[in-house]
Novice: 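Just dropping this structure here.
These figures come from a predicted structure and were not determined experimentally.
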Amino acid sequence: MRSISLPKPVLVAALGCMVLSGCGTQNATTGQTPAGSAVSAKTWPDAPPGDHEQEMRFLALMTRITQACAPDAPNASGTGGAPKPEDLPGWEDAPAPAYGPGETPPGVPNAGGGIPVPLDDPAASEPAPDFTGPKPLKEVPLTGIEKCTGDEHAQRVSEAFQNTKTTGYRAMRRKLTDLDYPASRIHRMPDHAGAPRARLDLRVLGSHLALEVTGTSSGVIVEAFGASETEDVKVTEVKRKPKLDAPTS
């Protein structure tokens, strides 16, 4: 598929979203590419040519909602503050240095000009874990920003379907595309107690956000959840714990 040229303001906003969600990097152990990563020359594998305009509107929608949840995020004009490293997800799990106070890192000359030699690390001799086997496709935690944007999207969708009986998946899909969610990001799921159900893939530049939408006799129930950031993981394959009973009126 041919590459897509995006306007600079949209790219700036998308990059702001990437920074705030602590994503956009390639998985060092698996070599997998984050879903929606700018490394790929395509928008989504199953996106038809006419979906490009939908994707642009979707990125603009994501920018507005992200700005509401994080006023300091870079906006369409490229302004706005960037978060400090310690405020990014995962910073608290950063490994501690292998040398103590007053000591020098391995390979760095000390005050006497000598180069300290690191001691053997017992953990280094342990066999590397095998990442080639199948992995359970479980939900992943959402970051603080993703929880906020997920709530905003859920409220937006719920209000649009309010007091409207969702008669089937096609009607649900049509309504969601009218809300600027691209058709390529809407995925049909098995009906729940006879009610239509769909999942929205809202992952951008390695983020994790997805929505599950279930029809009811008077609207929809919307739940935000997290999916792995890699493109080979489909939101339809994520195993979720049931959080709702049969839809009621």
Novice: Using side-chain heavy atoms (C-beta onward) and a distance below 4.5 Å, is E223 in contact with R240?
Specialist: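 Sidechains of R240 and E223: in contact.
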Novice: Transitively linked via ILVMFWY side-chain contacts under 4.5 Å: L61 with V220?
Specialist: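 Result: yes, single cluster for both.
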Novice: How close do A70 and I145 get, heavy atom to heavy atom, and via which atoms?
Specialist: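 What the structure gives for the nearest pair is CB-CD1, 3.5 Å.
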Novice: Using modelled atom types only, decide if a donor and an acceptor are shared between the side chain of R199 and the backbone of V235 within a distance under 3.5 Å.
Specialist: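 Checking the backbone N and O of V235 against the side chain of R199, a donor-acceptor pair under 3.5 Å is found.
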Novice: Is there a continuous path of hydrophobic side-chain contacts, each under 4.5 Å between heavy atoms, that joins L200 to V140?
Specialist: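 No.
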Novice: Starting at CD of E237, measure out to CG of D232 and round the result to the nearest 0.5 Å.
Specialist: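 That separation rounds to 8.5 Å.
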Novice: Kindly compute the distance separating CG (D191) from CZ (R197), expressed to the nearest 0.5 Å.
Specialist: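 Spacing of CG (D191) from CZ (R197) equals 8.0 Å.
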Novice: So, for T236 and H187, which heavy atoms are closest and what is the spacing to 0.1 Å?
Specialist: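 Here T236 and H187 meet closest at CG2-CB, 3.4 Å.
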Novice: Would you compute the distance between atom CE of M62 and atom OG1 of T149 and round it to the nearest 0.5 angstrom?
Specialist: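 Those atoms lie 6.0 Å apart.
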Novice: Let me see the working for I221 and V213 under side-chain contact (heavy atoms from CB on, under 4.5 Å), right down to the final yes or no.
Specialist: CA-CA 6 Å; I221 297 174; V213 184; over 6 Å; no
Novice: Tell me, do K138 and V238 make a side-chain contact under 4.5 Å, heavy atoms counted?
Specialist: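 No; the side chains remain at least 4.5 Å from each other.
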Novice: Does E229 come within less than 4.0 Å of R203, counting only side-chain N to carboxylate O?
Specialist: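 No, this pair does not count.
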Novice: Main chain of H52, side chain of E55: is a donor-acceptor contact present, judged purely on distance under 3.5 Å?
Specialist: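 It does not hold such a pair.
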Novice: Between atom CG of D201 and atom NZ of K234, what is the distance when rounded to the nearest 0.5 Å?
Specialist: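 It comes to 11.0 Å.
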Novice: Taking T66 for the side chain and T63 for the main chain, is one N or O donor matched with an acceptor at less than 3.5 Å?
Specialist: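 No, T66 side chain to T63 backbone: no donor-acceptor pair under 3.5 Å.
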Novice: When you measure from the side chain of T216 to the backbone of S218, do you find a donor-acceptor pair of N or O atoms at a distance under 3.5 Å?
Specialist: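 Judged by distance alone, yes, a pair lies under 3.5 Å.
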Novice: Once you round to the nearest 0.5 Å, how far does CG of L142 lie from SG of C148?
Specialist: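 If I round to the nearest 0.5 Å, the distance is 11.5 Å.
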Novice: I'd like to know if V157 and Y169 are part of one continuous hydrophobic network [Ile/Leu/Val/Met/Phe/Trp/Tyr, side-chain heavy atoms within less than 4.5 Å].
Specialist: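 Looking at the clustering, V157 is in the same group as Y169.
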Novice: For the atom pair NE2 (H208) and NZ (K147), what is the distance rounded to the nearest 0.5 Å?
Specialist: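 Taking NE2 in H208 and NZ in K147, the distance rounds to 12.5 Å.
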Novice: Which atom pair, heavy atoms only, marks the closest approach of F161 to L176?
Specialist: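 Minimum heavy-atom contact is CE1-CD2, 3.9 Å.
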Novice: I'd like to know whether the aromatic ring centres of H153 and Y181 sit less than 6.0 Å apart in this structure.
Specialist: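 Centroid distance H153-Y181: below 6.0 Å, so yes.
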Novice: Closest heavy-atom contact between A183 and Q54?
Specialist: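 Where A183 meets Q54 most closely, the heavy atoms are N-OE1, 3.0 Å.
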Novice: Measure across E212 and F225 and return the closest heavy-atom pair with its distance rounded to 0.1 Å.
Specialist: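 Heavy-atom minimum between the residues: N-CE2, 3.9 Å.
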Novice: Taking all heavy atoms of T214 and all of A195, pick out the closest pair and write down the distance.
Specialist: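 That closest heavy-atom pairing would be CG2-CB, 4.5 Å.
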